[in-house]
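Structure record follows, encoded as structure tokens.
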There are 2 protein chains.
Amino acid sequence: MSPSLVVGLNAVIVAVTDETPRLLTVERAEHGLGVPGADRPALPFGPLDPAGHRTLELGLRDWVREQTGLELGYAEQLYTFGDRHRDPRERAGGPRVISIAYLALVREGRVSGAGRARWRGFYEFLPWEDGRAGRPALIDDVVAPALARWARQAADAKARRARTERADITFGFRGAAFDAERVLERYELLYEAGLVSEAGRDRRGATRAATEKMGEAMALDHRRLMATALGRLRGKLKYRPVIFELVPPTFTLLRLQRVVEALAGARLHKQNFRRLVEKGGLVEGTGVVEPRGVGRPAELFRFRREVLRERRAPGVGLGRR
Amino acid sequence: MSPSLVVGLNAVIVAVTDETPRLLTVERAEHGLGVPGADRPALPFGPLDPAGHRTLELGLRDWVREQTGLELGYAEQLYTFGDRHRDPRERAGGPRVISIAYLALVREGRVSGAGRARWRGFYEFLPWEDGRAGRPALIDDVVAPALARWARQAADAKARRARTERADITFGFRGAAFDAERVLERYELLYEAGLVSEAGRDRRGATRAATEKMGEAMALDHRRLMATALGRLRGKLKYRPVIFELVPPTFTLLRLQRVVEALAGARLHKQNFRRLVEKGGLVEGTGVVEPRGVGRPAELFRFRREVLRERRAPGVGLGRR
DNA sequence: TCCTTTATGCTCTCTCTGAGCATAATAGGC
DNA sequence: GCCTATTATGCTCAGAGAGAGCATAAAGGA
């Protein structure tokens, strides 16, 4: 008999290369034999071994090493997902699966050699989150009308208003402020409105055509984990110097800025970004300039550890969008 | 045979009454027969029922209702703790216990009728976190020398410097900024240095006399969960209007301020606090004044929901300390 | 009436942030 | 060598927000 309860460990592994935030995915043979969507990209996953894994994080590192060949550096716990039927095989008598998700950051230079794993662009799965070229047309062309329809389908006037307000706040409609950190809230709203294909046949306000524009699906609820990770990362950038976990030891300020922009999904003002990180004590010049490339050569900078003593919440800000 | 793996649900239930942040604790007969510290205050706890609990949060609510009679309102997941030997009974063949901790907030008026549970002051367990009367003497008189001793015990000069830097950053020694949110980091440092009694016989830099001044111990790693909760709550106050989950529907601005101060562990400037919440659109006057009390009567205010549309991250700030 | 206490209004300064202008230093085309 | 495109870097200005403190208002009690 299979155990009635499994504690799984999932890793959302993030790197930024070529100004694109990327996610490490694996093929998931074992995770869905005969289950619809079993061929979709999945996050590295493995069950906690209660006897062998001394801590959750060590267990995660073991699984990631085994499945991707990658030795993780920075990792933090994200969230634990435990709703019933997260894994459809539970309906067929499979164990209840509780998944503890971690966010891990990998430096730019180390994205090769991921074994049978594959780096995929974050925004292939969450295309509405990339606002670097201005507010994504997807939001106003596809999301807004679908959510409006979803709101109209509510039972009464009060529920309609609640749905409209929620859509406004999460996507910044009708003058509401768009908050880049609310990635999970946006995904969950899209899910409830039937706009992402993981929501299944219950399509509600959404047409098939609309759903198909909403990015690629992942296995199980892994797109939800991704959304959780991106939201957390965007939030954390603002008050912890995690950005330096994603770049090489030295970097030009423009490269640093592009990495922040890639994650924030927004463009930043170049001179102000420089002022923020330089005057803010986050970085210090090395005196060395990077020769290659057009234009005036840029100085290479490095992270300035002392900032941890000096400032309470050293981070970079995400811009407005 | 006992199962080899249990997923537990723990609740850190917080209320503020009489300007004191409080925690709901229970007696833990079942949780430590013959184990040292079994009589210590504990958090409400119950194992997840894989068949009965549809979501983790619903399972938590069930357990809290059963153990304390309380119907939870606001609740959010905090963190999942899964280190081996969190529960000492694991050493004696007990199951590996993974605990998913939640933070729940209870409104001031609802703290009665907690069944066999008991409200305890937060700072009875974490006395160094209350800086409302100025920097706690405990930090400079007890913590600082003990951590200095702990730093000196490090293997080499490099490790010594690392320990010193860590102590400086977490407690704001030697000119470093004190960050009220780093509650967990402080607790963990105290634990590693053997300054809290949960650390067991391995006392390292700490004398028994010092340890006894460091607040009351809790069962298992529950003080760690408390620290996680307080840190999260302090952080969240700054960018989400969670404070209104802790106060009645109407309140004077001074009462609101006292609740923030109680949680922040710091005093705030009265006029600036008023400006922050009033001009910031977080509250609106009701036109009604509260009669009782000395001094000029104060107007009653209420939370202004519209702020959620208008501002990206509406919160209150914690002051400097 | 005066004093104590709490509420409320307002100002001043400093810092941070958004925005934009201006100049510097390269490479490549001519 | 000169011109242009391109990127780097320095600087200023305006407005928002935060920290601090002064001043006035409205109660109750001596």
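In the text below, chain A, chain B and the rest are named by the order of the sequence lines, each starting its count at 1. Being a predicted model, the structure only gives us computed values, none of them experimental.
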Mind checking if B:Leu253 touches a base, just sugar-phosphate, or nothing, with heavy atoms under 4.0 Å?
nothing
Length of the line joining B:Gln257:CD and C:dA7:C1', which is rounded to integer Å
12 Å
Rounded to the nearest 0.5 Å, how far apart are CZ of B:Arg186 and CG of B:Leu230?
8.5 Å
Rounding to a whole Å, what distance do you find between B:Leu256:CG and C:dA7:C1'?
15 Å
Under 4.0 Å, heavy atoms only, any strand: does A:Leu254 hit a base, just the sugar-phosphate, or nothing?
sugar-phosphate
Provide, to the nearest angstrom, the distance between the CD atom belonging to A:Glu299 and the P atom belonging to C:dA25.
13 Å
Students often get this wrong, so: under 4.0 angstrom with heavy atoms, is A:Gln271 touching a base, only sugar-phosphate, or nothing?
base
With a 3.5 Å cut-off and just heavy-atom distances, do the side chain of B:Arg296 and the base of D:dG28 make a donor-acceptor pair?
no
Spacing of A:His269 atom NE2 relative to D:dT7 atom P, expressed in whole Å:
16 Å
Would you indicate which nucleotide in C:dT8, D:dT9, C:dG18 comes nearest to any side-chain atom of B:Phe301?
C:dT8
How many Å lie between CG on A:Asn272 and C1' on D:dG10, as a whole number?
12 Å
Using a cut-off of less than 4.0 Å, is there contact between a side-chain N or O of A:Arg274 and OP1 or OP2 of D:dG10?
yes
As an exercise, state the distance from CZ of B:Arg224 to CD of B:Glu188, rounded to the nearest 0.5 Å.
4.5 Å
Side chain of B:Val294 only, heavy atoms from C-beta on: which candidate in D:dA26, C:dT8, C:dT6 is closest?
C:dT6
Taking CD from B:Glu278 and C1' from C:dC10, how many angstroms apart are they, rounded to a whole number?
13 Å
Whole Å only: how far is the CZ atom of B:Arg275 from the P atom of C:dA7?
18 Å
Of A:Gly295 and A:Leu276, the one whose closest DNA chain C nucleotide lies more 5'
A:Leu276
Find the distance between CZ (B:Arg107) and CZ (B:Phe251) and round it off to the nearest 0.5 Å.
10.0 Å
Give the rounded distance in Å between these two atoms: NZ of A:Lys238 and C1' of C:dT17.
14 Å
Any B:Lys270 side-chain N or O less than 4.0 Å from OP1/OP2 of C:dA7:
yes
Between B:Arg223 (side chain) and B:Phe125 (backbone), is there a donor-acceptor pair under 3.5 Å?
yes
Does any N or O in the side chain of B:Arg312 come within less than 3.5 Å of the main-chain N or O of A:Asp179, such that one atom is a donor and the other an acceptor?
no
